A.B. asks: 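Pasting in a structure now, in structure tokens, and then I'll have a few things to ask.
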Protein chains: 4
Amino acid sequence: MLEAADDLLVEVGYARLTIEGIAERAGVAKQTIYRWWPSKNDILMDAFVQDAAEALIPSDSADLRQDLRAHARNVAVFLTESDAGAVFRALTAQAQHDPALATRLRSEHLGKQRGYDRLPFERAVARGALDPGVDIDLAVDQIVGPIYYRVLVTGKATPPALTDALVDAVLAHLPPPHTEA
Amino acid sequence: MLEAADDLLVEVGYARLTIEGIAERAGVAKQTIYRWWPSKNDILMDAFVQDAAEALIPSDSADLRQDLRAHARNVAVFLTESDAGAVFRALTAQAQHDPALATRLRSEHLGKQRGYDRLPFERAVARGALDPGVDIDLAVDQIVGPIYYRVLVTGKATPPALTDALVDAVLAHLPPPHTEA
Amino acid sequence: MLEAADDLLVEVGYARLTIEGIAERAGVAKQTIYRWWPSKNDILMDAFVQDAAEALIPSDSADLRQDLRAHARNVAVFLTESDAGAVFRALTAQAQHDPALATRLRSEHLGKQRGYDRLPFERAVARGALDPGVDIDLAVDQIVGPIYYRVLVTGKATPPALTDALVDAVLAHLPPPHTEA
Amino acid sequence: MLEAADDLLVEVGYARLTIEGIAERAGVAKQTIYRWWPSKNDILMDAFVQDAAEALIPSDSADLRQDLRAHARNVAVFLTESDAGAVFRALTAQAQHDPALATRLRSEHLGKQRGYDRLPFERAVARGALDPGVDIDLAVDQIVGPIYYRVLVTGKATPPALTDALVDAVLAHLPPPHTEA
DNA sequence: CGATAATCGAGACGGTACGTCGTGTCTTATC
DNA sequence: GATAAGACACGACGTACCGTCTCGATTATCG
């Protein structure tokens, strides 16, 4: 059922995604869908949560720059090339018109994702490679913000060269750990 | 007519914005709307272009940091607080499902806007305050990207402290102009 | 269960009478109803047979006119004022669209009722007060026919004055018993 | 459209007559039907009024018995054999559950029909062949009542022999005009 | 007297039709 | 000749019941 919704979204696009279509594709009665989900967006939300659960956990190589570069590349690929990314873009779009959906999206996905995005920095702090006073959230915004912006707004590509440059720019002015030399 | 569309969008939200509603509000027959605009999105697009034409041109104080900070603040306020910003968010959302709209939005608004966003940097280069080799587009992405990202995706606030920090972070590692000492 | 059906019919009318409603009202699962009755009409039919069993047996006063007048009044009151009459009208209505129901209604109720309707005439013949050659069925039709017609079709009232007049009109031209003077 | 409703009623019966079916048959959108008729019964009512307008006007032969016999036969044939009669039976059935429909049926059809049913008697009175004090409505009820009763309730046949007998029975005890001998 | 089956409530399910809303096209009457 | 008014074919909406189908839980009987 979630699978049917997922597939149809990718096939025909959000605009032509109908509950009747999902029901027919899933071989299910319309009422059965309404029994479990109040709206099309909730179906997509569940489909997305189910699919995207595993994704976008940064690796841990003990090298902050390397981890961030890999993670930024993964975020870009997820957003632009994966099916789950297509669902995410659709949900984000709908969330602009639907505050309840926005809340769900943030509480059920973006919160966790923010945790993953912070992970490389937190590991670096833990291993003493980064000053604990660094504003990690700001750093994360500076890396992933431009990626989402390009995907959702300008439509420009987000090649590795770009994501690498974003990472490098952020790292360039992060204070090194204070060494009592 | 565009006004009616504009008002209704703000009043009832995109989801409940109908062409019949716009026609009624404008005291006009539905067909008259169809004579000029092929779709709801095109009406909004025109309404947006009309309204937002003047906005978001950066000031010129001969101080790059000061100009960028002011501009970033303006972008944030436009996106979160103005009626035109609400229309922009709706259009950006719909553009996710409608490539033609995405194209219009980019060619009729974002291109010009990008020019404005670049202006402070170009002026700084012109007055010799910035190395001409700087990747201005990257710098712009790093400043405005996180703002759009917060507004469209995470829903977090974008106070002046944040936009200032973004500007400062970008300026911190921009190479100063090469001075032949 | 039959009681629940009966009550609901009188309360909400046939149009809003649902099997789910009956089940809920009777505190019973829908399937339990389906175990015993194939359809809504069959439930009503059983409810009617149970309730109406006692009704409409003509008295025997040894006076044909008096018996017929009393019986005709009873028929009119049954049809217009009793709950069982309401069920009968509903069943008769449905029988127009459902031949099987029509057959049940005739075999399980109307046949017996016709026997009761004939009784005063048969008693009169037996006691020598009526010519045995009389077409009793025709006479019955002429008395009860107009009553049902008014109730089911024209909706006009059927007061005692009317039923009495019907009886009198029929009796007026019935041949007296042949007396070999 | 009315034609489609009419045809479908005869073809599939009232129980399977759906508005979607009528729409499809008439090559029309469902909404177009709802624009003009609030319910299935109203469609049938209009279809019936249109079709049955001409029917059942008694002939005038200057012979009361002959006119009544012919008219009673026509009524019986109309009810049992014509398409319009099938619609009438369905409407009468639904009118049992729907007071508004009952009212329409009476005001738009039965009133006029009652006028036709009375006509032979009124003509007889006019030509001096019938006592003006006769209760014509009662006489009409006694003739057509049993016919409707047989058709709607008992389902027994209404052959000419029966309708003739009904007419004869009524005429048998009607007072002749008072002749000043 | 405890295992074993029948019966029941609850309610999910695939369906059909409902009556409503909005779309984009069209015709008609007005100014 | 453009416009308001609004009818129309169409597609989808969300709802109500239909009749069928598992599920446990609860009796009720029999071993």
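Just so it is clear: chains get the letters A, B, ... in the order the sequence lines come, proteins before strands, and each one is counted from 1. Since this is a predicted model, take the numbers as computed values, not measurements.
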A.B. asks: C:Leu8 has an atom CG; how far is it from atom P of F:dC17, in whole Å?
C.D. replies: 12 Å
A.B. asks: Taking OH from A:Tyr14 and P from F:dA12, how many angstroms apart are they, rounded to a whole number?
C.D. replies: 15 Å
A.B. asks: As a test of understanding, state which of C:Arg25, C:Lys40, C:Lys30 forms a salt bridge (Lys or Arg N to Asp or Glu O under 4.0 Å) with C:Glu20.
C.D. replies: C:Lys30
A.B. asks: Testing the basics here: between B:Ala95 and B:Leu101, what is the closest heavy-atom pair and its distance to 0.1 Å?
C.D. replies: N-CD2, 3.6 Å
A.B. asks: Which atom pair, heavy atoms only, marks the closest approach of C:Ala5 to C:Ile22?
C.D. replies: CB-CD1, 3.9 Å
A.B. asks: Tell me: CD1 of B:Ile33 to C1' of F:dA5, nearest whole Å?
C.D. replies: 13 Å
A.B. asks: Will you find, in the side chains of C:Tyr14 and C:Gln94, an N or O donor that is under 3.5 Å from an N or O acceptor?
C.D. replies: yes
A.B. asks: Starting the side chain at C-beta, find the nucleotide from E:dG19, F:dC17, F:dA12 nearest to C:Thr18.
C.D. replies: F:dC17
A.B. asks: Report the distance from atom CD1 of D:Ile22 to atom P of E:dG19, rounded to the nearest whole Å.
C.D. replies: 11 Å
A.B. asks: Below 3.5 Å between N/O atoms, which protein atoms pair up with nucleotides 20-26 of chain F? Just atom names and distances, please.
C.D. replies:
| from | atom 1 | to | atom 2 | distance (Å) |
| --- | --- | --- | --- | --- |
| F:dC21 | N4 | C:Gln31 | OE1 | 2.7 |

A.B. asks: Would you sort out whether B:Arg104 and B:Leu91 count as a side-chain contact (heavy atoms from CB on, under 4.5 Å), showing the intermediate values?
C.D. replies: CA-CA 10 Å; B:Arg104 274 202 75 195; B:Leu91 285 169; over 6 Å; no
A.B. asks: Measure from CG on B:Asp42 to C1' on E:dG24 and round the result to the nearest Å.
C.D. replies: 14 Å
A.B. asks: Starting at the 5' end of DNA chain E and moving along, which residue's nearest nucleotide shows up first, B:Lys40 or A:Glu20?
C.D. replies: A:Glu20
A.B. asks: What is the distance from CH2 of C:Trp37 to P of F:dG19, rounded to the nearest Å?
C.D. replies: 15 Å
A.B. asks: Name the orientation class of the two ring planes belonging to D:His109 and D:Phe48 (parallel below 30°, tilted from 30 to 60°, perpendicular beyond 60°).
C.D. replies: perpendicular
A.B. asks: More than 12 foreign heavy atoms under 6.0 Å from CD of A:Glu24: is that the case here?
C.D. replies: no
A.B. asks: Taking for each residue the nucleotide of DNA chain E bearing the nearest heavy atom, is the 5' side occupied by A:Ala29 or by D:Ser39?
C.D. replies: A:Ala29
A.B. asks: Whole-Å distance between F:dG14 P and A:Asn41 CG?
C.D. replies: 10 Å
A.B. asks: Please state whether the phosphate of E:dC13, meaning OP1 or OP2, lies under 4.0 angstrom from any side-chain nitrogen or oxygen of A:Trp36.
C.D. replies: yes
A.B. asks: Is D:Glu3 atom CD crowded by more than 12 heavy atoms from other residues, nucleotides or ligands, each under 6.0 Å away?
C.D. replies: no
A.B. asks: Strictly below 4.0 Å: does B:Arg35 bring a side-chain N or O up to OP1 or OP2 of F:dT3?
C.D. replies: yes
A.B. asks: Please confirm whether the shortest side-chain N or O distance from C:Thr32 to OP1 or OP2 of E:dG9 is below 4.0 Å.
C.D. replies: yes
A.B. asks: Report which part of the nucleic acid D:Gly21 touches: base, sugar-phosphate, or nothing (heavy-atom distance under 4.0 Å, all strands).
C.D. replies: nothing
A.B. asks: Which one, E:dG9, F:dA9, F:dC17, comes nearest to the side chain of C:Val28?
C.D. replies: E:dG9
A.B. asks: I'd like to know if the side chain of C:Arg89 reaches the main chain of C:Leu79, judged simply by a donor and an acceptor atom lying under 3.5 Å from each other, with no hydrogens or angles considered.
C.D. replies: yes
A.B. asks: To the nearest Å, how far apart are C:Ile43 CD1 and F:dC17 C1'?
C.D. replies: 13 Å
A.B. asks: Please walk me through it: do D:Leu110 and D:Phe88 pass side-chain contact (heavy atoms from CB on, under 4.5 Å)?
C.D. replies: CA-CA 11 Å; D:Leu110 292 171; D:Phe88 174 80; 4.1 Å; yes
A.B. asks: Show me the dot-bracket string of DNA chain F, counting Watson-Crick or G-U pairs under 3.5 Å, with | for pairs to another strand and [ ] for crossing ones.
C.D. replies: |||||||||||||||||||||||||||||||
